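As structure tokens, the structure follows; a few thoughts come after it.
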Amino acid sequence: MIPKITFEEHFMAPGFEKHSAAFLKLIPEAHARELTRRLDDFGGERIELMDRYGITRSVLSLTGPGPQGELPELAAEAAKGANDFLAEKIAPLSSRLSGLAALPMHDPELAAAELRRAVTELGFLGCLANSPVHGRYFDAPEYDAFWAEVEALGVPFYLHPSNARAAPPVFADMPVLQGATWGWGVDTGSHALRLLFSGVFDRFPGVKLVLGHMGEALPYLRWRFDSRFGAYPMGVELKLKPSQYFTRNILITTTGVCSHAALIGALGEMGPEGVMFSIDYPYEDTATAAEFIESAPMDAATRAMVCHDNAARLLGLPLLAEAA
Ligand code: MN
């Protein structure tokens with residue numbers, strides 16, 4: 001088995017259980033109990049599964065909605081508490097587990113300060129935030145201070161789905177389409193396109209935005225973004241073609257899409273350096289994901305990049321050749 005790094009892997013911090021209660025009531029009780037147990041576990045089954053499937057390092061993030069579900073005035077303290085909790089939990093397992101910071105994204109200045117604290121004091125490797133925050137998106141001008149900090153620290157920003165505040169009319173009356181099946185991807189993919197078309201990546205060319213779920217389907221429309229933006233720019237000016245921000249600024253993980261055809265399509269659009277393996281533990285099955293990537297039709301060099309070295313480079317970890 002090839003060594004793997006995974007980094008859309010979740011845990012639960014004290015005080016955030018209330019946000020998951022409604023979701024857990026909707027699913028079978030045994031599954032809800034298993035999810036809860038796995039989210040609370042750090043050194044037990046989590047490490048056993050990593051060992052069994054060749055995952056050398058797992059980078060953990062607070063399960064959604066995290067601080068994005070808190071009232072604005074409580075979000076900064078809540079994020080700090082979650083980050084301190086994670087740091088304490090992973091300290092004895094530091095050879096296998098790392099952290100991504102939870103951030104109070106309601107307030108760009110406080111979010112930037114907490115990111116800096118988490119990276120420089122707690123040793124976290126980046127951050128993960130859930131989209132959106134009370135109807136606000138991170139392309140708003142006041143977020144420039146935040147993006148400047150992300151760029152200065154040189155750490156990735158993982159944009160993760162969450163329940164949108166208001167579903168678009170086309171699925172407002174269809175709850176089955178509002179969540180992970182479709183609506184989350186629409187919201188999160190659209191959020192990433194807002195960042196691209198508002199020029200965040202022109203102003204902060206060093207920012208690395210990571211999307212899960214095979215890029216929330218964006219890689220498949222990359223050609224069309226150039227074609228239709230070229231035809232109808234609507235007054236927007238960008239330094240590059242939309243497609244050129246993919247892989248330079250927008251990178252993707254394979255979480256929750258264990259399809260070889262989709263993977264090959266994504267590799268074709270993004271290039272082998274733009275696609276990274278991850279699982280979305282405990283919401284997705286480790287065995288399914290690991291077997292999918294081990295059996296994917298890729299050459300050895302591509303498999304090494306997708307499973308390990310792209311993430312290692314992004315997160316500042318040793319490459320396979322350095323670890324050998
Ligand atoms: Mn996830």
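Predicted model, so just to flag it, every value in this text is computed and none were measured. Ligands are counted one by one from 1 in listed order, and the atoms in each one are counted from 1 as well.
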Are the charged groups of Arg38 and Glu9 less than 4.0 angstrom apart, N to O?
no
Set of ring pair (Phe, Tyr, Trp, His ring centres under 6.0 Å) partners for Phe225, sequence neighbours left out
none
Check all N, O or S atoms of His160 and name the one closest to the Mn ion (ligand 1).
NE2
Could you identify the N, O or S atom of Glu8 positioned closest to the Mn ion (ligand 1)?
OE2
Using a strict 4.0 Å threshold on nitrogen-to-oxygen distance, state whether Lys4 and Glu294 make a salt bridge.
yes
Does the pair Arg117/Glu114 count as a salt bridge with the N-to-O cut at 4.0 Å?
yes
Looking at Asp280, which of its N, O or S atoms is the nearest one to the Mn ion (ligand 1)?
OD1
